[in-house]
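Structure, as structure tokens:
Just follow the structure's listing: the first ligand is 1, and inside any ligand the first atom is 1. From a predicted model like this one, the values you see are computed outputs, not experimental measurements. This chain uses plain numbering: 1 for the first residue, then up along the sequence. Only heavy atoms go into these numbers, but all of them, side chains included; no hydrogens, no water, no symmetry mates.
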Amino acid sequence: MAKAPLGAGCFWGVESAFRQVEGVTDAAVGYMGGTLANPTYEDVCTDRTGHAEVVQLDYDPVQISYEELLRVFFDIHDPTTLNRQEPDYGKQYRSVIFFHDAQQERAAQKMKEELDRAGRFPRKIVTQIVPATDFWRAEEYHQRYFEKHGIAACRTH
Ligand code: MHO
């Protein structure tokens, strides 16, 4: 099993999308990339802890490659809006790929460059590609949020 932590906006929808992908064996929502240890959702919402909302994916590399996971990642969000994903503003909603090793880093860089070159999006991709840090699992009520609440999109304010 391998791990891939990815940030693509409000983690409810990202988790729900990846749970439908074959080869993804588990998914947990949480926070990564900040300074505060053991942050709460309210801490992260202040946009002052530096964390991003992420989904920590467990996947079986025999069933799905890292590249295929990244394709899904780029398909399910807009990687061209800086610190914003649809209705949600703030650095915690940034588009970010946290890599665990040099191979993941190279794969992510390569895909970002290829998508930019191919003009896949009307604007330049702003996705960060940075080393993984501590994963802080989010509060239980955020896990499988859509399944619990029967909604399929992040509600807007
Ligand atoms: N716009 C969403 C953000 C939730 S997400 C877990 C809301 O309705 O609060 O950041």
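- The six-membered or imidazole ring of Y31 lies near that of F11, with a centre-to-centre distance under 6.0 Å.
- Formation of a donor-acceptor pair under 3.5 Å by the Q63 side chain with backbone atoms of V24 is not found in this model.
- Less than 4.0 angstrom separates some heavy atom of F11 from each of these atoms of ligand 1: 6 (C).
- In W12, the part holding a heavy atom less than 4.0 Å from any atom of ligand 1 is the side chain.
- Judged purely by atom type and a 3.5 angstrom limit, Q104 uses its side chain to pair as donor or acceptor with the backbone of K3.
- Contacts with ligand 1 closer than 4.0 Å are made by no heavy atom of Q92, backbone or side chain.
- Taking every heavy atom of Y93 and a limit of under 4.0 angstrom, the matching atoms of ligand 1 come to 3 (C), 5 (S), 10 (O).
- The closest approach between Y41 and ligand 1 falls below 4.0 Å for a heavy atom of the residue.
- Considering backbone and side-chain N/O of E53, one or more are found under 3.5 Å from N/O of ligand 1.
- Salt bridge status for D26 with R19: present, with a side-chain N to carboxylate O gap under 4.0 Å.
- A salt bridge links R123 with D78: at least one charged nitrogen is closer than 4.0 Å to a carboxylate oxygen.
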